[in-house]
Amino acid sequence: MADRSAACRLDDVIITDALAHRPVRAPDHGLEADAMARLAEELATNPERLLQTLCDLLVEHGVAGSAGISLLEAEKDGGRFQWVALAGAWASMRGGVMPLDASPCGVVVARAAMQLFDNPARFFGHGEIQPTVHELLLMPFFHQGTPIGTVWIAAHDPDRKFDQEDGRLLERLSRFAAAGFQMTRALLAARISQNELELRVEERSRALRESEERQVFLLRLSDALRAETSVAGVVRCGLAMLSERLSLDRCYIAHFRMAEDRVDVAEQIGNTRTAPLPATIRLSDFPQAAQVAFERTLVIDDIPADPSLSDAERRNFSGLGIGALAGVVLHKGKGDPIWSLGAIAAAPRSWSRGEIALIEDVAERIWTAMEQACIQATLRASEERMRQFGEASQDILWLRDAETLQWHYVTPAFEAIYGLGRDALLSGDHYRNWLAMILPEDRPLAERHIGRLRAGEHAVLEYRIRRPGDGAIRWLRDTDFPIPDEQGVVRLIGGIGEDITDTRLAQERIEQSEERLRSAVEVGRLGLWDWDVVTNEVHWSDEHFRMEGYAVGEVKPSYESWVARVHPDDRPAAEALLQAAMTEHREFDHEFRVVHPDGSVHWLHGRGRFFYSEGRPVRMVGAVVETTDRRMWEERQQVLIAELQHRTRNLIGVVRSTAEKTARSSADLAEFHQKFADRLDALSRVQGLLSRLNEHDRVTFGDLIRTELSALGGGGPDRVTLDGPTGVRLRSSTVQTLAMALHELGTNAAKYGALAHATGHLTVRWSLEPVGADDRPWLHIDWRESGVPMPPAGAAPQGTGQGRELIERALPYQLSARTTYRLEADGVHCTIAIPVSACGAARAETG
């Protein structure tokens, strides 16, 4: 690992700052809440399953293909990791080990930071383990501030890429599990030691029943030792009571240091008859005695006369003022002495079996009490760490009595979040105090939530409070759980509360922004697309589905779904422009046609841009609008412009012709002015009819004749009879000329004919001949005036004769019409027959 080339190779598989450059998913609070609740439940009811439960959750919720926890065993083989918990595809390898320098965990522990590995088998050589890991995300697992292992998740699917949300979730769950693991390990050790203590006390109690006197003493000794809270206090109390009970001259406890050839006298008491023992004694000065003491209780009644001792040992014992000795040694293992308790008499003394048994019992109790004192100290330290954890947490940790709902414990974070001191909260009815701070509209939900917890359910509650101090409203989320007893009865309920006000407000702002965007898209009739070029995944807005001719959700959006709807004639150009935009790093801007399933053709205008990573296209976003109506209006406008130009040319021609003929038939300028104005008015009326029509409509003969007669003021139905089918449409090119002919007939009738005399009557009848002699439909018009006193034969004609000339010469020439014009005995009789379009004939109805 220290080798520079190895470090370089390692950098090849570590993805530096990868999570920061990947898309950010919205936080999955449901997953986090469920995981926290499950872990809290395991911590409360089944703590030894805590780490495995964490791994199971990560796999169950699809976060990873495999998840595990590797803890460092630094004392073995230069350091190695053991997979203490595993879930997923690698679950069968739980309990296995991995050398420190052959595992990515070693890198994470050394750097004490989260690491993301790409194909770690390239460096660490785990390719034989199947399935293969494509990405590995590891988080340090801390114990008392020191990384002792890792929590890791592995992706076996090459398409699975971890992101910031995975990192955040893994960090939160790892931190919670590490704290629970630390607390659980301390509590477990304490329980084991406590169980061992109780077993030893029970076993000794049975032995002490053999001697009532010894039993009473040992009970007193146990009570006295139990009252001591420190190891030193336990030792002094035990030595003092034993020395008094057996009238010893000196009593001590010593600690063996075998490698240093010495025994350290940790504590001793005695009288003035014996000098204090030195703080350190060499073991090699007492070889035979030490050998016996390591195997069994050492008993020497008369040191000067004991044959088992060498002369040197006897001199050494005597030099310490020891005449008789009984010593009990505590062993950690065979041949590995740890502590010894010694009873000394200055003069030779015959130790009885009861005294030896009592010394052994006292030694046992002192050592047990010492262990108990250590356990209690550990428990106090653990509780202190737990208290510090609760006080340091920004979330609220709490416990309630399930029956009374009174709080047993609330962390200081409550004051910061609720704005109320714990003393005020924990006075009176805790539950009612808490409910009073919840907004009235959320209280029923909170009460039902508590009911679910008391019924044994896990639940998550989001609610609002009003802080008593400043009146501020805060959003909170409680992840709560029941804590049952051994019989399954819920005695306590606990939970973790967090302030989610900022998150909630941010979420609301995002939702409002998304709603504004959605409204803008809907109002603007925009179709949006988002194309992941790498995975070929495409997202369409609802309007985009409809523009392409699909029902919303009918197909899975894709490049192929889009191409399938593009008009075959437009498809090559659309695809070529899209490819050019991708390769040339420019905007895609193109108008094309799509064909819907009903065969209808729609014009769409799409604009989009590509996004690149390291020069490669990775994403494209864009919008499309429908331009069918605009296209139709543009085409109609072109038609209308062409029609306008045609009509203008015709109109100019008609005006020029009318002016010339009027001028020839007028006696003076005043007459010309009157006649020309009348004829221009007739043309104006025709133009008014034409301008009110759309491109598909035509002027009907019924509208034309009524408009002209109405302008002349020719009288009501008693003077004029109109009879013919409605809806006979005229070609636009014929309207102006025919209108001028009708105007001349009407003007002549108003001045000299049927409309000028009280006895006169005008009848206009028309009929439609669907198929004429030339296989075309013809309109036949019959203009008949009656009741008109006519001038005698040979009299000068009335009027200019221009109208008759228009009818008899211009209509046949310009409109291919067939006409007659006769002056009969009681008025003018004129017939006009002109061809009309087949469409105009088809729409005519008998009136």
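Along the sequence shown, the residues carry numbers beginning at 1.
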Please check this pair: side chain of [X] against backbone of [Y], looking for a donor-acceptor N/O pair closer than 3.5 Å.
| X | Y | result |
| --- | --- | --- |
| Asp166 | Asp163 | yes |
| Glu537 | Trp531 | no |
| Arg467 | Arg474 | no |
| Glu626 | Leu526 | no |
| His134 | Asn119 | no |
| Gln115 | Val107 | no |
| His544 | Leu528 | yes |
| Ser66 | Ala154 | no |

Ignoring hydrogens, what is the shortest heavy-atom contact between [X] and [Y]? Give both atom names and the distance.
| X | Y | value |
| --- | --- | --- |
| Gly494 | Leu399 | CA-CD2, 3.8 Å |
| Ala446 | Leu461 | CA-CD2, 3.9 Å |
| Tyr418 | Ile396 | CE1-CD1, 3.4 Å |
| Arg565 | Pro597 | NH2-CG, 3.3 Å |
| Phe81 | Gly149 | CE2-CA, 4.1 Å |
| Trp398 | Ile496 | NE1-N, 4.1 Å |

Tell me whether the guanidinium CZ or amine NZ of Arg172 lies under 6.0 angstrom from the six-membered ring centre of Phe176 and within 45° of its axis.
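No - Arg172 does not lie over the ring of Phe176 by the 6.0 Å and 45° rule.
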Report the C-alpha separation of Phe545 and Val555 in whole Å, then their side-chain angles, then the decisive distance to 0.1 Å, and conclude whether the side chain to side chain contact (heavy atoms under 4.5 Å, CB included) test is met.
CA-CA 9 Å; Phe545 276 98; Val555 297; 4.3 Å; yes
Between [X] and [Y], a side-chain donor and acceptor under 3.5 Å:
| X | Y | value |
| --- | --- | --- |
| Trp407 | Asp401 | no |
| Ser561 | Glu548 | no |
| Ser541 | Glu543 | no |
| Trp83 | Ser70 | yes |

Side chains of [X] and [Y], heavy atoms from C-beta outward: is any pair under 4.5 Å?
| X | Y | value |
| --- | --- | --- |
| Tyr463 | Leu439 | no |
| Val490 | Arg454 | no |
| Arg49 | Asp56 | yes |
| Trp475 | Leu505 | no |
| Ile148 | Gln144 | no |
| Trp90 | Pro131 | yes |
| Cys105 | Leu138 | yes |

Nearest 0.5 Å, what's the [atom1]-[atom2] distance between [X] and [Y]?
| X | Y | atom1 | atom2 | result |
| --- | --- | --- | --- | --- |
| Leu136 | Trp152 | CG | CH2 | 7.0 Å |
| Met139 | Arg175 | CE | CZ | 9.0 Å |
| Arg619 | Asp532 | CZ | CG | 8.5 Å |
| Leu58 | Ile153 | CG | CD1 | 6.5 Å |
| Leu405 | Ile493 | CG | CD1 | 5.5 Å |
| Arg593 | Ser600 | CZ | OG | 13.0 Å |

In chain order, what residues pass the salt bridge (Lys or Arg N to Asp or Glu O under 4.0 Å) check against Asp478, with sequence neighbours excluded?
none
The criterion is salt bridge (Lys or Arg N to Asp or Glu O under 4.0 Å); which residues satisfy it with Arg432, sequence neighbours excluded?
Glu447
Arg630, CZ atom: more than 12 neighbouring heavy atoms under 6.0 Å:
yes
Over 12 non-hydrogen atoms of neighbours within 6.0 angstrom of CD in Glu403:
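For Glu403, atom CD is not crowded (no more than 12 foreign heavy atoms under 6.0 Å).
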Looking at residues at least two apart in the chain, or sitting in another chain, which of them share a side-chain contact (heavy atoms from CB on, under 4.5 Å) with [X]?
| X | value |
| --- | --- |
| His585 | Tyr612 |
| Ala178 | Phe141 |
| Pro147 | Val109, Ala112, Pro140, Phe142 |

Identify every side-chain donor-acceptor pair in residues 36-47 under 3.5 Å, counting partners at least two apart or on other chains, and give the distances.
{"residue": "Glu41", "atom": "OE1", "partner": "His458", "partner atom": "NE2", "Å": "3.1"}
{"residue": "Glu42", "atom": "OE2", "partner": "Thr53", "partner atom": "OG1", "Å": "3.0"}
{"residue": "Thr45", "atom": "OG1", "partner": "Glu41", "partner atom": "O", "Å": "2.7"}

Taking it one step at a time, do Val563 and Glu575 satisfy side chain to side chain contact (heavy atoms under 4.5 Å, CB included)?
CA-CA 8 Å; Val563 170; Glu575 291 193 278; 3.8 Å; yes
In terms of side-chain geometry, is the basic nitrogen of [X] or [Y] positioned less than 4.0 Å from the acidic oxygen of its partner?
| X | Y | answer |
| --- | --- | --- |
| Asp480 | Arg400 | no |
| Glu171 | Arg168 | no |
| Glu462 | Arg477 | yes |

Parallel under 30°, tilted from 30 to 60°, perpendicular over 60°: which one fits the rings of Trp434 and Tyr431?
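Tilted, since the angle between the ring planes falls between 30° and 60°.
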Mind telling me whether His602 and His596 have parallel, tilted or perpendicular rings, with 30° and 60° as the class edges?
parallel
Is there a side chain to side chain contact (heavy atoms under 4.5 Å, CB included) between Val624 and Trp562 once you walk through the steps?
CA-CA 12 Å; Val624 62; Trp562 168 70; over 6 Å; no
Side chain to side chain contact (heavy atoms under 4.5 Å, CB included) with Leu476: which of Ile438, Asp499, Asp395, Asp442?
Asp499
